[in-house]
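Small disclaimer: the values here were computed from a predicted structure and weren't measured.
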Amino acid sequence: MNKYGIAALGLGFLASFARADGDYASPTNDRIRMSLGAMRTSNSTTLQVDSSNGLPGTVISGENQFGLDGSDIEPKFQVMVRAGERNRLRFDYFTLDRTGTAIVTQPIVFRDAVLQSGDPLQSLLNLRLFTITYGYSFWHSEKLEIAATLGITAVDISAQAKVQTATVHVNQLENLAGPYPTPGIDAIWVASKRFYFDGRVQYLGVHVNHFDGSLGFFELDALYRLRPNLSFALGYNYVKANLSSTEIGNTGFFDISSKGPEIFVRVAF
């Protein structure tokens, strides 16, 4: 079963918990939230992977030269658990998996492979982000909650360039992974019994030894509460990752951004 089928089953599972009636308690007091839906992403990718002997790699547009999709539909997963009035944990998972095909129009240096003009190229680029975020609500009321947050994001980027012909056999795979801290701000504003808004911003740039990177998240959602613990949401999500290495034999960079509207269902208790 593919990821879209899993997401659809999950939506049905969450909706089965909805109560038909009851008091509409403020969403700023939710103890557990589970959100599941889909995002329509618009993607932009630039990368460069130098050869292990120091030859500069080609600066590549993933969409133009690797044939990766400029837009896609990806699942949304999020869980929040509150401990007491002001402390909470949030778990987010973002995935952007793309494959592409293209004909090489000019020589491309991709690590220790050199792709020649006319080669039929098969490519792959996967981005996986799993974030655990702690939040402390320094402002908490029935109408408004604002929390300072600190997250740890596990980043995994995989890129592959493959050419298979009768005379050429190239299969170059690159991977970059690591944990990154992401401080930020979360906010909830309750407009009425049925409507509320939920947003977050997380961003940090780091430099460690031969590595530079920045990672940012932006999300803003408008939610309609159909039932006391069942809400439907429309929103906008933006993710940007810029990771580069100057380590000898492993130099290069990935610059990936993904943004677009999202729709999801949220069950809260």
Side-chain angles (χ1 to χ4, degrees), residues 1-11 14 33-48 59-80 90-102 121-133 151 153-161 174-177 180 182 184 186 197-204 213-223 231-243 253-266:
M1 181 180 295
N2 63 24
K3 58 190 176 184
Y4 308 115
I6 294 173
L9 286 177
L11 286 173
L14 291 181
R33 290 191 203 128
M34 295 177 287
S35 304
L36 183 59
M39 296 178 287
R40 176 70 175 181
T41 63
S42 176
N43 311 306
S44 176
T45 309
T46 306
L47 64 149
Q48 178 180 344
V59 178
I60 300 165
S61 166
E63 290 72 33
N64 294 330
Q65 291 166 276
F66 270 21
L68 301 174
D69 288 336
S71 62
D72 199 2
I73 297 177
E74 296 291 337
K76 173 189 176 68
F77 302 96
Q78 188 180 91
V79 176
M80 187 280 290
R90 188 183 66 242
F91 304 87
D92 296 275
Y93 182 68
F94 176 82
T95 177
L96 181 62
D97 296 341
R98 292 178 291 163
T99 59
T101 58
L121 174 65
Q122 301 176 56
S123 62
L124 172 150
L125 184 68
N126 293 338
L127 172 65
R128 310 284 176 85
L129 304 174
F130 177 68
T131 305
I132 301 176
T133 302
T153 301
V155 179
D156 188 355
I157 300 175
S158 299
Q160 183 182 34
E174 293 298 317
N175 183 265
L176 182 63
Y180 303 95
T182 47
D186 282 11
F197 296 88
D198 191 356
R200 65 166 173 141
V201 175
Q202 290 180 266
Y203 178 84
L204 185 69
S214 63
L215 186 62
F217 303 93
F218 169 82
E219 182 178 0
L220 180 62
D221 302 309
L223 296 100
S231 301
F232 292 93
L234 291 173
Y236 190 85
N237 197 295
Y238 177 70
V239 177
K240 183 172 178 60
N242 188 314
L243 311 174
F253 73 86
F254 290 86
D255 189 344
I256 303 172
S257 67
S258 181
K259 58 186 177 181
E262 61 183 5
I263 183 171
F264 62 92
V265 62
R266 172 176 290 174

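At distances below 3.5 Å, not a single donor-acceptor pair connects side-chain atoms of Arg33 with backbone N or O atoms of Met80. Distance alone, capped at 3.5 Å, places no donor-acceptor pair between the Ser42 side chain and the Gly260 backbone. In this structure, the side chain of Thr45 does not engage the main chain of Gly62 through any donor-acceptor pair within 3.5 Å.
Asp97 has its side chain within reach of Arg128: a pair of non-hydrogen atoms, C-beta onward, lies under 4.5 Å apart. Counting heavy atoms from C-beta outward, Ile157 and Leu243 have side chains that approach closer than 4.5 Å. Residues Thr133 and Arg200 have side chains not in contact (no heavy-atom distance under 4.5 Å, counting atoms from C-beta outward). Contact annotation: the side chain of Leu204 never approaches that of Tyr180 to less than 4.5 Å [non-hydrogen atoms, C-beta and beyond]. Under the 4.5 Å side-chain criterion, counting only non-hydrogen atoms from C-beta, Phe264 is in contact with Leu223. Contact of the Leu176 side chain with the Phe254 side chain is registered, since non-hydrogen atoms from C-beta on lie closer than 4.5 Å. Using a 4.5 Å cut-off on side-chain heavy atoms (C-beta onward), Arg40 and Ser71 make contact. You'll find the side chain of Leu234 stays beyond 4.5 Å of the side chain of Pro261, heavy atoms only.
Using a cut-off of 4.0 Å between Lys/Arg side-chain N and Asp/Glu carboxylate O, Lys76 and Asp92 are scored as not salt-bridged.
Nearest heavy atom pair, residue Gly67 against residue Ala102, reads N-CB, 4.1 Å. Of all the heavy atoms in Arg98 and Asn126, the pair that sits closest is N-OD1, 3.7 Å.
The only option from Glu219, Glu262, Lys259 that meets the side-chain contact (heavy atoms from CB on, under 4.5 Å) definition with Tyr236 turns out to be Lys259. Put simply, the residue from Thr182, Thr153, Thr131, Asp186 that forms a side chain to side chain donor-acceptor pair (under 3.5 Å) with Gln202 is Thr182.
Taking the six-membered ring where the residue is Trp, Phe91 and Phe130 present parallel rings, their angle staying beneath 30° rather than reaching 60°.
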Exercise. Could you give me the CA-CA distance, side-chain angles and deciding distance for Asp156 and Asn175, then say whether side-chain hydrogen bond (donor to acceptor under 3.5 Å, both in side chains) is met?
Key: CA-CA 7 Å; Asp156 188 355; Asn175 183 265; 2.9 Å; yes

Quiz item: Passes side chain to side chain contact (heavy atoms under 4.5 Å, CB included), Thr46 versus Val59? Steps please.
Solution: CA-CA 7 Å; Thr46 306; Val59 178; 3.8 Å; yes

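Separating the CG atom in Leu121 from the CD atom in Gln160 is a distance of 9.5 Å, to the nearest 0.5 Å.
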